[in-house]
Amino acid sequence: MKLTSLTLALSLAGTAALAGEVAPKAVQFGESGEVAASLTGVAGDAANGAIVAGSKSKGNCVACHQVSALADVPFHGEIGPSLDGAGDRWTEEELRGLIANAKMTFEGTMMPAFYKVEGFIRPGDAYTGDAGAEPLPPILTAQEIEDVVAFLATLKEE
């Protein structure tokens with residue numbers, strides 16, 4: 001009986017956490033592109049955020065940005081600004097907005113929208129017909145966004 005009660009309690013807790021997740025199309029951006037509310041209601045995990053940021057199949061932040069904290073990940077790019085000191089330059093709300101959809105802050109940016117499911121411009125449609133049909137899944141989950149925000153918030157100027 002105790003095991004059944006514990007299982008039910010844990011499954012309800014998991015359902016409650018999912019119920020609090022903000023869907024990509026429901027994200028509320030502020031005037032400057034910031035996102036004030038957490039996308040999950042759960043604190044981000046900075047250690048997992050570092051993994052996501054350095055992963056070629058996920059965030060891949062290092063493809064465009066220098067990140068000294070991820071020195072073990074090869075091939076840092078120079079297209080975007082260095083993320084060293086990001087936690088001092090931007091608030092968590094600003095970081096969340098930049099990761100979710102940087103175009104809401106910087107209109108002409110090349111940075112991909114990591115939490116967007118429609119409205120893409122994809123050459124595959126015009127040239128090969130092989131591009132995926134919308135809606136597409138977001139590149140990162142809501143919790144991965146929160147994790148990357150937590151990681152970037154730890155990057156302070158020395």
Side-chain angles (χ1 to χ4, degrees), residues 9-122 132 134-158:
L10 289 174
S11 67
L12 289 175
T15 303
L18 290 176
E21 186 172 297
V22 177
K25 291 198 266 183
V27 174
Q28 296 293 311
F29 291 91
E31 257 184 59
S32 300
E34 74 280 4
V35 176
S38 167
L39 300 178
T40 63
V42 177
D45 176 347
N48 190 57
I51 293 168
V52 171
S55 172
K56 303 290 185 216
S57 64
K58 282 291 185 180
N60 199 17
C61 300
V62 298
C64 298
H65 301 277
Q66 295 278 328
V67 187
S68 295
L70 299 176
D72 59 322
V73 178
F75 309 118
H76 290 229
E78 296 177 353
I79 295 170
S82 170
L83 295 180
D84 294 349
D88 288 329
R89 288 195 305 274
W90 295 293
T91 66
E92 287 188 15
E93 293 81 5
E94 291 167 330
L95 289 169
R96 186 176 296 112
L98 288 168
I99 299 163
N101 187 350
K103 289 166 183 60
M104 300 299 286
T105 302
F106 303 113
E107 186 177 326
T109 186
M110 293 172 48
M111 186 166 162
F114 287 95
Y115 202 60
K116 182 177 173 181
V117 294
E118 63 185 9
F120 299 100
I121 298 170
R122 297 181 314 276
E134 292 182 2
L136 298 171
I139 297 170
L140 298 178
T141 67
Q143 189 58 53
E144 288 169 333
I145 299 271
E146 295 302 323
D147 293 349
V148 173
V149 167
F151 167 64
L152 294 175
T154 69
L155 303 180
K156 304 290 185 178
E157 294 290 341
E158 293 187 35

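The model shown is predicted, which means the values in this text are computed figures rather than measured ones.
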For V52 and E144, the nearest pair of non-hydrogen atoms, with its separation, is CG2-CG, 4.1 Å
Whether the side chain of D88 engages the backbone of E157 through a donor-acceptor N/O pair (distance < 3.5 Å, no angle test) should be reported. yes
Looking at every non-hydrogen atom in both residues, tell me the closest pair between V117 and K25 and how far apart they are. CG2-CG, 3.8 Å
Non-hydrogen side-chain atoms of S82 and H65 separated by less than 4.5 Å: no
Are side-chain heavy atoms of S38 and E146 found at a separation under 4.5 Å? yes
Identified side chain to side chain contact (heavy atoms under 4.5 Å, CB included) partner of V27 from the options I145, V22, N101: V22
Hey, mind stepping through L98 and F106 against side chain to side chain contact (heavy atoms under 4.5 Å, CB included) and telling me if it holds? CA-CA 9 Å; L98 288 168; F106 303 113; 3.5 Å; yes
Take a 6.0 Å sphere around NZ of K156 and say whether it holds more than 12 heavy atoms from other residues, nucleotides or ligands. yes
Non-hydrogen atoms of T154 and A46 that approach each other most closely: CG2-CB, 4.0 Å
Separation between CG of L95 and CG of L83, rounded to the nearest 0.5 Å: 9.0 Å
Passing option when W90 is tested against E94, E92, E93 for side chain to side chain contact (heavy atoms under 4.5 Å, CB included): E94
Can you find a pair of side-chain heavy atoms, one from E78 and one from Q66, that are under 4.5 Å apart? yes
Shortest non-hydrogen contact from P24 toward P138: CG-CG, 4.1 Å
Contact summary for I139 and P112, nearest pair of heavy atoms: CD1-CB, 4.2 Å
Here the gap from D45 atom CG to I51 atom CD1, rounded to the nearest 0.5 Å, amounts to 8.0 Å
Heavy-atom check, side chain of V62 versus side chain of K56, under 4.5 Å: yes
Rounded distance (nearest 0.5 Å) linking atom CD of E21 with atom CG of L39: 8.0 Å
For residues F114 and K58, report the shortest heavy-atom separation together with the two atoms involved. CE2-O, 4.2 Å
R89 side-chain N/O to D84 backbone N/O, donor-acceptor pair under 3.5 Å: yes
Does the side chain of V67 come within less than 4.5 Å of F151's, by heavy atoms? yes
Side chain to side chain donor-acceptor pair (under 3.5 Å) involving S57 - partner list, sequence neighbours excluded: S55
Heavy-atom check, side chain of T91 versus side chain of E34, under 4.5 Å: no
So does K103 get a backbone contact from the side chain of T109, meaning a donor-acceptor N/O pair under 3.5 Å? no
